Amino acid sequence: MSIQRVGIMTGGGDCPGLNAVIRAFVNVGKRTYGWEILGIEDAFNGLIDTDYKFPRGNRWLELEDVRGIIELGGTILGTSNRSDPFNYVVKENGVERTVDVSDVVMENYARLGLDALVSIGGDGSMSIAKKFIDKGMRVVGVPKTIDNDLGGTDQTFGFDTALNVATEAIDRIRDTAESHDRVMLVEVMGRDAGWIALHAGIAGGADAILIPEIPYALEPIAQMIEMRRARGTTYSIIVVAEGARPRGGESSVVEKKLGAMPRLMGAAGRVATGLETMVDADMRVTVLGHIQRGGAPTAFDRVLGTRFGEMAAELVAAEKFGCMASLRAGRIEAVPIEEAIARPKRVDPTGQLVTTARAVGVRFGDGVTRHSLVAPPKTE
Ligand code: F6P
């Protein structure tokens with residue numbers, strides 16, 4: 001069956017680079033293949049109710065619709081992280097419950113005459129895509145998320161921008177930390193993965209980095225602050241991933257909504273509250289939050305988004321459904337969506353990046369220092 005009409009949607013939390021993917025896909029889809037391309041509004045909301053947000057909602061995308069959008073943050077199609085058709089939240093008499101509206105989506109997909117769907121999203125969107133593939137929908141995936149926690153790809157777009165935003169914030173915080181002799185805690189996003197914290201912490205020269213993959217104790221961090229002060233360095237920078245958790249404890253969940261992932265916040269505040277009882281230092285907490293998700297994508301994310309968008313079009317044209325575009329050792333390849341969702345990508349606590357960070361003096365709150373990693377030099 002030749003492809004004539006393709007839908008494209010962005011799902012989950014937005015991230016810089018989504019528009020680069022849409023732009024590339026529409027350019028290749030139109031210029032090379034002459035497809036009709038339907039932009040679907042707010043992830044599956046636009047396929048659950050095809051009149052959703054009418055008259056703005058779903059719309060046919062032409063080349064002029066994607067002109068001048070590569071540098072824009074957000075997504076021209078809108079997104080949602082609460083529109084899983086298999087667990088769709090409805091409110092009746094003020095009470096929320098979830099229902100399965102996946103058959104409605106299948107009917108609308110057929111009624112709109114779509115031959116394929118491109119789903120740009122993270123692990124949640126890819127898991128939904130897999131369920132629709134099993135129902136007979138022809139789906140191609142594109143991996144996005146600032147968290148960089150999706151399997152099957154070396155990197156997702158959006159991560160590089162978020163990490164650069166966080167690094168710049170740490171640089172700024174260092175200036176004021178030094179002026180005021182303070183301990184500054186910077187909370188970054190990343191959900192259950194410490195990629196943003198680890199990369200931004202290293203790039204920003206943090207003294208300690210707390211990540212979900214290495215549960216922390218407060219004592220080694222307090223000791224590190226005291227040691228720095230004893231050596232005359234009166235400020236410290238601690239980068240805390242929002243999913244960081246104390247040894248034997250849980251991450252800081254502030255809200256659990258039906259049909260949504262638990263909301264994480266307060267990890268850095270919790271560390272500061274604990275440290276305040278152990279160290280006589282002025283402390284301040286900065287939560288970077290959604291600042292990391294907005295703004296113009298970096299050149300890297302624009303290029304990666306463009307490469308993924310082109311690959312998505314080629315996968316649709318070759319009818320390689322059930323596949324996701326992926327970055328592997330610098331090349332764009334196709335991987336089965338199952339592979340992407342089989343195992344989330346986490347920081348390896350014994351991996352090269354953590355080891356490098358330790359080697360330059362970064363603490364992870366587990367009491368391991370560079371000196372406890374290497375044997376002392378032999379004295380003959
Ligand atoms: O997955 C991306 C992400 O930004 C996470 O880092 C963060 O925990 C979450 O989304 C925030 O989601 P929301 O926009 O729903 O607050």
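Just so it is clear, the values below take in all heavy atoms, side chains as well, and ignore hydrogens, waters and symmetry mates. No experiment lies behind these values; they were computed from the predicted model shown. Both counts, for ligands and for their atoms, begin at 1 and track the order of listing.
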Colleague: Could you measure the distance from the CG atom of L275 to the CD atom of E219? Nearest 0.5 Å is fine.
Modeller: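 Rounded to the nearest 0.5 Å, the CG-CD separation comes to 9.5 Å.
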Colleague: Which residue pairs pass the ring-ring contact (aromatic ring centres under 6.0 Å, His included) test when at least one of the two sits in residues 265-321, sequence neighbours left out?
Modeller: none
Colleague: Strictly under 4.0 angstrom, heavy-atom based: which residues surround ligand 1?
Modeller: N81, I146, D147, M189, G190, R191, E242, H290, R293
Colleague: Look at the side-chain heavy atoms of Ile, Leu, Val, Met, Phe, Trp and Tyr, link any pair under 4.5 Å apart, and say whether V287 and L264 land in one connected group.
Modeller: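 No: no chain of side-chain contacts under 4.5 Å links V287 to L264.
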Colleague: Report the distance from atom CZ of F25 to atom CD1 of I37, rounding to the nearest 0.5 Å.
Modeller: 5.0 Å
Colleague: Begin from the C-alpha positions of E178 and R174 and carry the test salt bridge (Lys or Arg N to Asp or Glu O under 4.0 Å) through to its verdict.
Modeller: CA-CA 6 Å; E178 200 164 356; R174 175 183 306 283; over 6 Å; no
Colleague: In terms of side-chain heavy atoms, does T298 have a donor or acceptor partner in N164 at a distance below 3.5 Å?
Modeller: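 There is no such pair (donor and acceptor under 3.5 Å, judged by atom type) between the side chains of T298 and N164.
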